[in-house]
Amino acid sequence: MLYVPSLPGRVLFALIIGINRYSDHSNITDVKGSIADADDIQAFLTRDLHVSQDCIVILRDENATHANIVQEILNFAANDRIAFNDPILIYYAGHGREIQGRVVLFPHDATCGSQEDDKRSILDIEFNDLLKRLANEKGNNITVILDACHAGGFGGKGYAYASLDSHVLLAACSRDELAPEVKARGVFTNDLTTLLRQLGPRISTVTYRDIIKLLPDTRYVHLFVR
């Protein structure tokens with residue numbers, strides 16, 4: 001089930017990451033819609049689900065460095081306000097790429113084409129290790145949404161489903177695909193938030209698989225569940 005705002009004793013905590021501009025301008029092109037996508041996710045949580053702003057951490061552009069992203073995930077693991085099995089959302093919009101057989105997310109300070117790639121990019125194995133550490137401390141009620149190219153590579157080798165003990169992953173595309181943008185918005189995030197708002201109170205009755213079926217164009221969307 002998706003998060004139900006009225007669920008007694010449960011509070012949703014969210015880390016939202018949106019990156020349009022990258023410091024390595026010569027090798028990494030800027031993105032047009034990631035900030036708008038991240039802001040829309042934040043707006044949906046606060047206005048539609050009534051999640052308190054003090055339960056949300058948002059990192060945009062220069063604040064979304066490798067160190068800051070990693071630290072905020074670790075902060076969630078150590079946060080005494082987050083009870084075991086409280087719902088946690090981690091959302092990322094920005095560049096994703098496959099480099100030498102590994103899928104990576106690009107923080108703001110990523111460098112492409114140098115020996116520093118592995119140090120500043122967030123490798124799939126590093127990201128999934130962080131999620132396992134978070135799940136060990138706070139339970140596996142964790143949803144990860146990645147609106148980035150090759151995002152499905154963070155869920156395993158399969159296209160639609162994979163066994164993830166620590167979290168549920170909604171990926172904008174498979175490992176081999178690109179995540180499209182239209183009119184300065186990520187297609188996946190724009191369709192997702194539009195659908196969730198249309199559901200209104202019915203959101204408490206739908207599952208992640210229902211969401212995938214209800215999205216207007218599922219060619220690019222992939223779900224990885226336990």
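The figures that follow rest on heavy atoms only: side chains count, while hydrogens, waters and symmetry mates do not.
Between the side chains of Thr193 and Asp40, at least one donor-acceptor pair of N or O atoms lies under 3.5 Å. Side-chain contact of Asp176 with Ser174: a donor-acceptor pair under 3.5 Å is absent, judged by distance alone. Judged purely by distance below 3.5 Å, without hydrogens or angles, the side chains of Gln71 and Asn75 pair a donor atom with an acceptor atom. Using modelled atom types, one finds a donor on one side chain and an acceptor on the other under 3.5 Å when comparing Glu126 with His66.
By the rule that hydrophobic residues join a cluster once side-chain heavy atoms approach within less than 4.5 Å of another member, Val31 and Ile35 end up as members of separate clusters.
Between His108 and Tyr22, the two ring planes are parallel [angle under 30°; tilted spans 30° to 60°].
With a 4.5 Å cut-off on side-chain heavy atoms, Ile56 and Leu45 count as touching.
Looking at Leu195, Val187, Thr194, Asp191 one by one, the single match for side chain to side chain contact (heavy atoms under 4.5 Å, CB included) with Pro216 turns out to be Asp191.
No donor-acceptor distance shorter than 3.5 angstrom exists from the side chain of Thr65 to the backbone of Glu62, with no hydrogens or angles considered. With hydrogens and angles ignored, the 3.5 Å screen pairs no side-chain donor or acceptor of Asn85 with any backbone N or O of Gly139.
Look at Arg81 and Asp86 and you find no salt bridge, because none of the NZ, NE, NH1 or NH2 atoms lies under 4.0 Å from a carboxylate O.
Taking all atoms of both residues into account, the shortest heavy-atom contact from Phe13 to Asn79 is CE2-ND2, 4.5 Å.
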